[in-house]
Amino acid sequence: MFSENWASFIERGDLAFLRKHYTLAQEYYEEALSLAPENPLPYEKLGNFYYFSNRLELGFKHLIKAFELGSSSPLVFFNLGRIYFLGQELLDRGRYFFDRALALSPKHEPMIGTYLGILFYLKGRVEDAGDFLSRYRLSSPLKEPLDFFLGCILHDLGSYEKAVKSFKQAISFDPRSEESFLMMGNSQFKMKDYAQALISYQKALEISPNYSSAWKNSGITLQYSGSPIQAGESLRKASALKKKTREKFSSVEEPGLDRHLWQHTEKLLLVGTLTNGNLPLNLD
């Protein structure tokens, strides 16, 4: 039989969290869990708390326990989906939890649907992803990631001019997105606009000087534009950076193959999860 006081510890934990007393909030949630180990709510609170503090392993452990105990919280399903979403090998599992979150909280369809659309893209279903993301183009709160991935989709489909427009839109939301500049340069390269492609790569490097893909793509573009000496310097720089990070340096004839899309999925994990003095995102 559970102590009647465990729910009061949940309330105290929520209040401490609201006041940014995070260590105290964790202690209250843990006390509630010790008093009610078979109730999903303390696991929900701790799981979301760990998730929001970027301790994903602990977050997953508690959230999956809440799920196993019959939680019906859409936020539990949403955060489990986001954790699986980050694990490339478990995308189908991520979709299962996003679908459950969507069924429980249909009013948040634009946000959850954006995740689902990007998940389709990462699974190689490019046209389905494009249809999905286009549907939420105006309503999604995830503006920069949506436009970035729409640009990637349009690039993969060969619509390079439209891709450039999407990347420019993404940049308008996040002017320091080196990946958006890189991918915009790749689309401009495909259009044989080598001068603009080089400008885009240079902007990526101004934001991130050790961005090996931007150095490599600059080198390839310089080769195509007839500047072999500068091209060699850029490619050597890219190769040296790859060796430092122990990444394999791929030899390609055109830029664009070294895309670090998972950095953008990690950005998604932060959307709506920053505390800023408020309780975690509420999907109820």
Checklist entry - Taking T221 for the side chain and N217 for the main chain, is one N or O donor matched with an acceptor at less than 3.5 Å? => result yes
Checklist entry - Okay, side chain of S73, backbone of L75: is any donor-acceptor separation there less than 3.5 Å? => result yes
Next on the checklist: Looking at every non-hydrogen atom in both residues, tell me the closest pair between A101 and P74 and how far apart they are.
Outcome noted: CB-O, 3.7 Å
Next on the checklist: Within this structure, what is the CD1-CG distance for the pair I112 and L102, rounded to the nearest 0.5 Å?
Outcome noted: 5.0 Å
Item to check | From NZ (K190) to OG (S159), nearest 0.5 Å | outcome: 13.0 Å
Checklist entry - Between C152 and F167, is a side chain to side chain contact (heavy atoms under 4.5 Å, CB included) present by the stated rule, with each step listed? => result CA-CA 8 Å; C152 291; F167 292 127; 4.2 Å; yes
Checklist entry - Taking all non-hydrogen atoms of both residues, which atom of G219 and which atom of L235 are closest, and how far apart? => result CA-CG, 4.0 Å
Item to check | NZ/NE/NH1/NH2 to OD/OE distance under 4.0 Å, R95 and D99 | outcome: yes
Next on the checklist: Same cluster or not: L80 versus L104, using hydrophobic residues (I, L, V, M, F, W, Y) connected whenever any side-chain heavy atoms lie under 4.5 Å apart?
Outcome noted: yes
Next on the checklist: To check you understand the geometry: which heavy-atom pair defines the closest contact between G151 and A163, and what is its length?
Outcome noted: O-CB, 3.5 Å
Checklist entry - When clusters are formed by joining ILVMFWY residues with side-chain heavy atoms under 4.5 Å apart, either directly or through shared neighbours, do Y28 and L46 land in the same one? => result yes
Next on the checklist: With a 4.5 Å cut-off on side-chain heavy atoms, are R135 and D131 touching?
Outcome noted: no
Item to check | Y51 and R82: CA distance, side-chain angles, deciding distance, side chain to side chain donor-acceptor pair (under 3.5 Å) verdict | outcome: CA-CA 10 Å; Y51 176 87; R82 288 198 279 185; 3.2 Å; yes
Item to check | Sequence-distant partners of K123, salt bridge (charged side-chain N to carboxylate O under 4.0 Å, His left out), two or more places apart | outcome: D92
Checklist entry - Should L182 and F173 be counted in the same cluster of Ile, Leu, Val, Met, Phe, Trp and Tyr side chains packed under 4.5 Å apart? => result no
Next on the checklist: I need the minimum non-hydrogen distance between A103 and P106, along with the two atoms involved.
Outcome noted: O-CD, 3.8 Å
Checklist entry - Does a sphere of radius 6.0 Å around NZ in K162 hold more than 12 heavy atoms from other residues, nucleotides or ligands, not counting ones at 6.0 Å or beyond? => result no
Next on the checklist: Taking F189 as the starting point, is it possible to reach I199 by hopping between hydrophobic residues whose side chains are less than 4.5 Å apart?
Outcome noted: no
Checklist entry - Is there a side-chain contact between Y121 and D128, using heavy atoms and a 4.5 Å cut-off? => result no
Checklist entry - What is the distance from atom OG of S172 to atom NZ of K143, rounded to the nearest 0.5 Å? => result 10.5 Å
Checklist outcome for this item: Here the pair of heavy atoms bringing S71 nearest to V76 is OG-CG2, 3.7 Å
Checklist entry - Which atom pair, heavy atoms only, marks the closest approach of G59 to I83? => result C-CD1, 4.4 Å
Checklist entry - If you measure only the distance, is there a donor-acceptor pair under 3.5 Å linking the side chains of Y160 and N186? => result no
Checklist entry - Using the ring of each side chain (for Trp, its six-membered ring), is F49 parallel, tilted or perpendicular to Y29, with breaks at 30° and 60°? => result perpendicular
Checklist entry - Listed by chain and number, what are the salt bridge (charged side-chain N to carboxylate O under 4.0 Å, His left out) partners of R236, not counting sequence neighbours? => result none
Checklist entry - With a 4.5 Å limit on heavy-atom distance, are the side chains of P145 and T114 in contact? => result no
Checklist entry - Under a 4.5 Å side-chain heavy-atom rule over Ile, Leu, Val, Met, Phe, Trp and Tyr, are I118 and L91 clustered together? => result yes
Checklist entry - Does a side-chain heavy-atom distance below 4.5 Å link Y84 with F60? => result yes
Checklist entry - Are any non-hydrogen side-chain atoms of S234 and L222 less than 4.5 angstrom apart? => result yes
Checklist entry - Can D147 and K165 be counted as an ion pair, charged N to O under 4.0 angstrom? => result no
Checklist entry - Is it the case that more than 12 heavy atoms not belonging to E161 sit under 6.0 Å from its CD atom? => result no
Next on the checklist: Quick check against the 3.5 Å criterion: does S208 have a side-chain atom that pairs as donor or acceptor with the backbone of A204?
Outcome noted: no
Checklist entry - Do the non-hydrogen side-chain atoms of Y50 and Q26 ever get within less than 4.5 Å of each other? => result yes
Item to check | S140 vs M111, side chain to side chain contact (heavy atoms under 4.5 Å, CB included): CA-CA, chis, key distance, verdict | outcome: CA-CA 5 Å; S140 175; M111 179 171 62; 5.7 Å; no
Item to check | Step-by-step side chain to side chain contact (heavy atoms under 4.5 Å, CB included) determination, Q188 to M184 | outcome: CA-CA 6 Å; Q188 290 162 335; M184 183 165 69; 3.7 Å; yes
Next on the checklist: Quick check on E57: does its CD atom have over 12 non-hydrogen neighbours (other residues, nucleotides or ligands) under 6.0 Å away?
Outcome noted: no
Item to check | Distance in Å, Y211 OH paired with S218 OG, rounded so as to fall on 0.5 Å steps | outcome: 11.0 Å
Next on the checklist: With rounding to the nearest 0.5 angstrom, report the CD1 to OH distance, I64 to Y43.
Outcome noted: 13.0 Å
Next on the checklist: By the definition ring pair (Phe, Tyr, Trp, His ring centres under 6.0 Å), identify the one residue from Y115, Y96, F78 that meets it with F85.
Outcome noted: Y115
Checklist entry - Could you walk me through whether Y201 and F181 pass the side chain to side chain contact (heavy atoms under 4.5 Å, CB included) check? => result CA-CA 6 Å; Y201 297 142; F181 280 113; over 6 Å; no
Checklist entry - Taking side chain as C-beta onward, heavy atoms only, is Y224 less than 4.5 Å from I220? => result yes
Item to check | Residue pair F148 / S166, side-chain heavy-atom distance below 4.5 Å | outcome: no
Checklist entry - Taking the inter-plane angle between the rings of F97 and F67 on a 0 to 90° scale, is it parallel (under 30°), tilted (30 to 60°) or perpendicular (over 60°)? => result perpendicular
Next on the checklist: For the CG atom of L69 and the CD atom of E44, what is their distance to the nearest 0.5 Å?
Outcome noted: 9.5 Å
Checklist entry - Stepwise, does the ring pair (Phe, Tyr, Trp, His ring centres under 6.0 Å) test hold for F77 with F98? => result CA-CA 6 Å; F77 289 100; F98 284 142; over 10 Å; no
